[in-house]
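In listed order, ligands and their atoms are each counted from 1. Bear in mind that the values here come from a model prediction, so they are computed numbers and not experimental data.
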Amino acid sequence: MNVSPQPNPLNPASLPLIPAVSFSRKPAAPEPGEPAVTPPPKDNPTSFVRKPKMASKPRKREIPEGLWTKCPKCSTMLFDKELDENLKVCSQCQYHFPIGSRERIHSMVETCTFEEMDAQMTSVDALGFTGVATYTSKLEAYQKSTGLKDAVVTGIGKIGGHRAGLGVMDFSFLGGSMGSVVGEKLTRLIERATEKALPLIIISTSGGARMYEGMFSLMQMAKTSAALAYHAKARLPYFSVLTHPTTAGVMASYATLGDLILAEPGAMIGFAGPRVIKDTTQAELPPGFQTAEFLLDRGLIDAIVPRREMKERIITYLGYVTAGRNGSTAAARI
Ligand SMILES: [Zn+2]
C-alpha cells in the first residue's frame, strides 16, 4: 500500500509547497497618480501647524443689528421690541436705559390728550460761536438726528384724570443742555400752568447749561425759577422728576424746586461731576455719591420711583395734592 508520508510540521521541507503567489497582497496604496494623503503645502512643511479655521466668526452675523441690546449692567441680551414695551427698563436687573422725550410723554399721558406748545421754537447763534463746528451746524445736525427742535418738549395733557402741564427733557439733543429755547419753553409752560391753574410736572435730564449760548443759557436758571415762584404762589403743585443724569444748571434751578422731587432708580444727580468735587475738596467721596439712592437717604429727594410705576405714582400724588380743591379756586388766588 502506497501511503504518502504525513507532513511533519517540524520539518519545513516536508510541508507541501504552496505557490508564493497566494501570499502576495494587493498593495494598499491607491492607484498611481493619486496621492495617499493631501500633500502638505510646500511653504508649510508640517500640516498640523496651521490651525483649522473656526466656524464661530460668521455666527456674529446671525444676530441682526438693531434687534437686540446688551444690558450694560447685567449683560443680558434684550430683544429690542420687549425692551421698548418695558419702557426701556431691563427685565432682568431693572437697569433704566435712556428714554426719548416722545416715548416718555407717550408713557405718561392718556392717548391723544397731549397738546404740544412751542413745537417749532429753535435757538439762534446769538454769540457767533466758533469752534470745530458752528453752533448753527451743530443744532441742524442734532435736529436731523433726533427729530426734535431742542432738548425739551412741553405741553398740556391728561395724566389719569388730571390735566397737567408736562415738560420732558431729552438727553439725546446736545446732552439735554439748557439754552434759551429750553428755558423759554419751560417758562411758557409754567406760566400757562399758572394761568390755567394746572399742576406741573417737569421730567429732567441734563448735562447743564448750554455753553454755546453763554449768559443766555445761565439766565434761564433765574427765569424758570421766577416763573415757578409765581406757580407756587398760586398754590399749585409742581413735581420734579429727576432722571439719569440731572446735573449742573438744571439741577441748580427748576429741577430742585419741586414740591415733590422724585427720581428714577440709579440716576446720577448732582451739581458738579464727582471728579471736579474730588479735585476741589481733596476728599474721598463716599460710595454711591450722587446717586438717587444716596440723595434719598440724605433727604434731597422724596421718593425713588421705577419708570414703569411713574405714571401711577404721579396720578396718586396728584390725587393727594388736589383733593378738596378745584382749578378755579386755585386760579382765583393769584
Ligand atoms: Zn440688566
Checklist line | More than 12 heavy atoms from other groups under 6.0 Å of CZ on Arg298 | finding: yes

Margin query: By the ring-ring contact (aromatic ring centres under 6.0 Å, His included) test, which pairs, at least two apart or in different chains, include something from residues 193-217?
Written below: Phe129-Tyr212, Tyr135-Tyr212

Note to self: Can you pull out every side chain to side chain donor-acceptor pair (under 3.5 Å) where at least one residue sits in residues 167-191? Sequence neighbours excluded, please.
What the structure shows: Ser101-Asp170, Asp118-Arg188, Asp170-Ser172, Ser177-Arg210, Ser180-Glu213, Glu184-Arg188, Glu184-Lys223

Next item on the list: Please round to the nearest 0.5 Å and tell me the distance separating atom CZ of Phe114 and atom NE2 of His106.
Entry: 12.5 Å

Note to self: Taking 2.8 Å as the limit, list every protein N, O or S atom around the Zn ion (ligand 1), by chain and residue number.
What the structure shows: Cys71 SG, Cys74 SG, Cys90 SG, Cys93 SG

Checklist line | Residues that, via side-chain heavy atoms closer than 4.5 angstrom, fall in one hydrophobic cluster with Val124 | finding: none

Notebook entry, point to check: Is Thr243 reaching over with its side chain to a backbone N or O of Ser204, donor-acceptor style, under 3.5 angstrom?
Noted result: yes

